[in-house]
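This report refers to the structure that appears directly beneath it.
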Amino acid sequence: MKRFTQRQGGRIINLTSGQSLGPMVGNIAYAATKGAIDAFTITLSAEVSSKGITVNAINPGPTDTGWMNDEAKKYILSKSPAGRIGKPNNVSRLIGSIAGEDADWITGQIFHSKGGFQRN
């Protein structure tokens with residue numbers, strides 16, 4: 001924090017996965033790192049808020065970036081009340097919103113942009 005000697009402002013936006021969605025059986029290391037990002041986001045937001053820096057995280061939920069096979073898509077759709085799979089622009093628009101000047105009061109939050117998806 002010594003490098004920030006004056007109120008400069010800025011945005012830090014982390015990407016995470018929702019631990020609140022239930023256990024991630026078979027993915028202990030992944031779940032632990034994402035849980036750490038959540039804790040880091042909340043704690044860092046308090047550390048840097050006096051400098052005008054906001055810190056938030058986004059859980060984009062299942063997003064079709066080309067990694068999903070037909071079986072994964074079928075499973076995700078069965079757990080998605082919105083009836084569709086997320087697209088990259090869904091999360092990019094949220095990032096744009098919390099990166100802007102109008103979001104200077106929003107900090108320490110974990111946003112779930114997942115179309116209602118429930119893992120369990």
* Heavy-atom pair of closest approach, residues Ser97 and Ala103 -> O-CB, 3.5 Å

* To do: Over all heavy atoms of both residues, which pair between His112 and Asn59 is shortest? Give the atoms and the distance, please.
  => ND1-ND2, 3.1 Å

* Return the minimal non-hydrogen interatomic distance between Thr63 and Lys87, and the atom names on each side. => CG2-C, 3.6 Å

* salt bridge (Lys or Arg N to Asp or Glu O under 4.0 Å) partners of residues 57-84, not counting sequence neighbours, each pair once -> Asp64-Lys73

* Asked: Are Tyr75 and Trp67 grouped together when hydrophobic residues (ILVMFWY) are joined by side-chain heavy atoms under 4.5 angstrom apart?
  -> yes

* Indicate if Phe111 and Leu15 have the same hydrophobic cluster label, given that clusters are the connected sets of ILVMFWY residues with side-chain heavy-atom separations under 4.5 angstrom. => yes

* To do: Would you give the length of the straight line joining atom CD1 of Ile76 to atom NZ of Lys114, rounded to the nearest 0.5 angstrom?
  => 13.0 Å

* Apply the test side-chain hydrogen bond (donor to acceptor under 3.5 Å, both in side chains) to residues Asn90 and Ser113: give CA-CA distance (whole Å), side-chain angles for both, the deciding distance (0.1 Å), then the verdict. => CA-CA 8 Å; Asn90 296 128; Ser113 174; over 6 Å; no

* Residue of the set Asp104, Asn56, Thr107, Thr54 for which side chain to side chain contact (heavy atoms under 4.5 Å, CB included) holds with Ile98 -> Asn56

* Is there side-chain contact between Ile42 and Ile110, with at least one heavy-atom pair below 4.5 Å? -> yes

* Determine yes or no for a side-chain-to-main-chain donor-acceptor pair under 3.5 angstrom, with Ser80 supplying the side chain and Phe117 the backbone. => no

* Under 3.5 Å, side chain of Thr43 to main-chain N/O of Phe40, donor-acceptor pair present? -> no

* Nearest heavy atoms of Gly116 and Pro81, plus distance in Å -> O-CD, 3.2 Å

* Between Ile12 and Ile58, is there a shared hydrophobic cluster once you connect ILVMFWY residues whose side-chain heavy atoms come closer than 4.5 Å? -> no

* Asked: If two hydrophobic side chains count as joined below 4.5 Å and joins carry through other members, does Ile106 share a cluster with Leu94?
  -> yes

* Asked: Any chance CG of Asn89 has more than 12 other-residue heavy atoms, nucleotides or ligands included, within less than 6.0 Å?
  -> yes

* Asked: Any donor-acceptor pair under 3.5 Å linking the side chain of Asn69 with the backbone of Ala72?
  -> yes

* With Thr16 as reference, evaluate Ile37, Thr33, Thr41 under the side chain to side chain contact (heavy atoms under 4.5 Å, CB included) test and give the passing residue. => Ile37

